[in-house]
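Quick notes on the structure that follows.
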Amino acid sequence: MAKDQHVSGRRAVQGSHDTSDLNLAQRRAAMADDGHALVLAGAGCGKTKTIDARCNHLISEGVPAHQIYVLAFTRRSAEEIVARVEASLGSRGKGLQASTFHAFCMKMIRHHPSAFGCYRFSVIDREDQVDIFKALLGRTSKTTTVIMPTAAQLVDIYSFGRNTRCTPTTAIENEDAALLPAKKHIIAICRQYRDRKQQRKYLDYDDILEVVGTRLHEDAGVRKSVCSQFKHILVDEFQDTNPLQWHLLTPFLEFANLFCVGDDAQSIYGFRGADFNNVHRFKERVPDSTTLKLNKNYRSTQEILDVSNWLLAQSSIDYDKRLVAARGSGHKPRLLNFAGDWQEANWIAADIAARHRKGRTWSDHMILVRTAYTARAVEACLIERNIPYIFIGGTKLLETAHVKDLLSPLRIIANPADEIAWTRYLRLWPGIGRVKAAAIVERVLGKTTIEDAMEAIGASSPNARATLQQILAADEPPARAVRVAVELLSKTLEAQYKKDWDQRRLDFPLVEKLAQKHTSIMAFIEHYLLDPMNASETRQSSNGDVVFLITVHSAKGAERKVCYVMNVSPGAYPSSRAMGSGDQIEEERRVLYVALTRPQDELIITRKLLPSFGIVNAASEGDQVAVADAYFLKNFPDDLADEEFL
DNA sequence: AAAATGTTGCTGTAT
DNA sequence: GCAACATTTT
């Protein structure tokens, strides 16, 4: 029974396979006839439950599970959907597939390598992209007099442009209008980046979607063979899809039934090009579709929803939304004021500990933060009190410096043209810095075989060469290569990271364990780049009774009995960095809305009223006033929460 | 001249 | 925790 699943603390009832616990609107959505459908659902109105029920219904009606694909926003929610459907349908549910858009496209690319022309490509992450742009900037910067973007800004501009399929001007403006004079240079450098990727056989995150989308549009044969595998495509969090993702979905319209579920008030990925026209213009773009609405909230009590309703009502945008609690009345939300970060964090940890002593489980609690670094104080307090937790958001295991170092030789073996990996690997060795590494890489990339390449390292570092040779000999399976790499590189890495080496080394057995699930280095690295697993998540013991510490962006769809929304302070909501545009401020409002709609029973909002980081850092005095003025809780009504000063 | 080491500042959300 | 910058060592 689903009860035993206890999937990340969700209510077990969601796995039950009959539709009797659905309300009328949910049942109509779940049991809709074939055809395209858009389901609009407010926070907590049972989106996930409806997707589960839809899958159950389709499979029960005789659709083979493998012809259904669920596109979710995170690996976590994808896995949960599959787990619940399998739990309720047993063997008939086996074969249901769910993943992120990126993992979906990568599957297509790997299953039809010739169709997409991406054989032996390596997937690169954002940091790798930044490295490439850095190298390109280094070569061109001296002649220009205009202000050029940083490498990181170039990645943003380039990626935004591709995700929204907009003009360079729009993409640059979105980053910073002050960069417009450099437009010509930016376009030129983006072209060089594109060529460089091609040479080195790299696929960045956007390529993964674009390669598949473009091919499906251009080639009818490929389109038919790929798209006709699926009868039903379900898309969760549809409000956060962007034009590139829509481009990818449209070829499926003639082969499969599209079932998209979303809430425009929860659109919080505008910075990644999310476009709620995908929701608002769905009917226009897909005329033969039906639209369904779910508007009864089953998650929270009315007092909690009142806060969220108030917040949206303050917006200039008309969301046409007032959440009504099916559960009725409950605890009044609390609004707690603290003098500083430390007091705030400490109080939350103490409060959770006290509740645990009274018999609550750790996993009844979720702490929501806007930014990863806000989490650090509370993390320290949780550790101090021995409270088990996982932190979701922030740096992923495969993004940490020491793991990237460890994997660099494996990346070289998987793709000898991988310049970034070569550079990283070479610089691990004593006596090799930026300049020598560049010289060696130059020589190495001219070679056609990995053996010649290793020869080309030359006498600069016999150790670097010997080590790479031994790792190459261990080659596959990847777990073995990882183990050999750990053995051979430990000394070097220890010297590099001396201070926190004892912490970092603990990650290596984890990496080896993750590698065991894969048969090739490429597949292993790719898997964890596309569906990254958090360092803290990976370190967890299996039991699962832990406090959830999570960024709001990662918390979409999650719920807990007791939620602490941290640092709802001036300068943080909206973030002082969002002050540039009204659209960005409204997106910030939705971020807070997502946070406030997570709790089932108790909402605890904490903040610091004294000038906090965001305000202090606003550039001018005028900016500081603007930040304080835009603060979302500026006119917060007394009767919506019990306010305390601690 | 390049590498190594030390210091300071700042940090947006993520596939 | 990390990147950019500054300083010391090889």
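A, B, ... follow the sequence lines: proteins, then strands. Residue 1 opens every chain. What's counted below: heavy atoms across the whole structure, side chains too, no hydrogens, waters or symmetry copies. On a predicted model such as this, the values are computed, not experimentally measured, just so you know.
- Here the CG-CE distance, from A:Asp629 to A:Met579, works out to 8.0 Å after rounding to the nearest 0.5 Å.
- For A:Ala523, the side-chain contact (heavy atoms from CB on, under 4.5 Å) partners at least two apart in sequence or on another chain are A:His518, A:Ser520.
- Residues forming a side-chain hydrogen bond (donor to acceptor under 3.5 Å, both in side chains) with A:Tyr202 (at least two apart in sequence, or on another chain): A:Asp418.
- In this view, A:Ser122 and A:Asn415 satisfy the side-chain hydrogen bond (donor to acceptor under 3.5 Å, both in side chains) rule, not counting sequence neighbours.
- Contact annotation: A:Thr551 side-chain N/O to B:dA14 OP1/OP2 distance is under 4.0 Å.
- Legend: residues meeting ring-ring contact (aromatic ring centres under 6.0 Å, His included) with A:Phe230, ordered by chain and number and at least two apart, are A:Tyr69, A:Phe104.
- Legend: residues meeting side-chain contact (heavy atoms from CB on, under 4.5 Å) with A:Asp405, ordered by chain and number and at least two apart, are A:Arg424, A:Leu428, A:Leu493, A:Tyr497.
- Note on A:Lys556: every side-chain N or O is 4.0 Å or more away from OP1 and OP2 of B:dT13.
- Taking the side-chain contact (heavy atoms from CB on, under 4.5 Å) definition, one finds that A:Pro409 meets it with A:Tyr425, A:Leu468, A:Ile471, A:Leu489, sequence neighbours left out.
- For A:Gln129, the side-chain hydrogen bond (donor to acceptor under 3.5 Å, both in side chains) criterion is met by A:Tyr193, A:Asp204, not counting sequence neighbours.
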Base versus backbone protein contacts along nucleotides 1-10 of chain C [heavy-atom cut-off under 4.0 Å; B, S, -]
SS-S------

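- Legend: salt bridge (charged side-chain N to carboxylate O under 4.0 Å, His left out) pairs involving residues 266-278 of chain A, not counting sequence neighbours: none detected.
- With B:dT15, B:dA14, B:dG12 as the choices, the nucleotide that has an atom nearest any side-chain atom of A:Tyr269 turns out to be B:dA14.
- Distance A:Tyr528 OH to B:dA14 C1': 18 Å, rounded to the nearest Å.
- Taking the side-chain contact (heavy atoms from CB on, under 4.5 Å) definition, one finds that A:Ser461 meets it with A:Trp429, A:Ile432, A:Asn463, A:Ala464, sequence neighbours left out.
- Near DNA chain B, meaning a heavy atom under 4.0 Å away, the residues from residues 96-105 of chain A are A:Thr100, A:His102.
- The distance between atom CG of A:Asp236 and atom P of B:dT15, rounded to the nearest whole Å, is 15 Å.
- The phosphate of B:dA14 (OP1 or OP2) has a side-chain N or O of A:Ser554 nearer than 4.0 angstrom.
- Remark: the A:Asp583 side chain and the A:Ser581 side chain contain no N/O donor-acceptor pair separated by less than 3.5 Å.
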Please produce a list of atom pairs where a protein N or O lies less than 3.5 Å from an N or O of nucleotides 1-8 of chain B.
| residue | atom | partner | partner atom | Å |
| --- | --- | --- | --- | --- |
| B:dA3 | OP1 | A:Gly433 | N | 2.8 |
| B:dA3 | OP1 | A:Lys436 | N | 3.2 |
| B:dA3 | OP2 | A:Arg434 | N | 3.4 |
| B:dA3 | OP2 | A:Val435 | N | 3.1 |
| B:dA4 | OP1 | A:Gly431 | N | 2.5 |

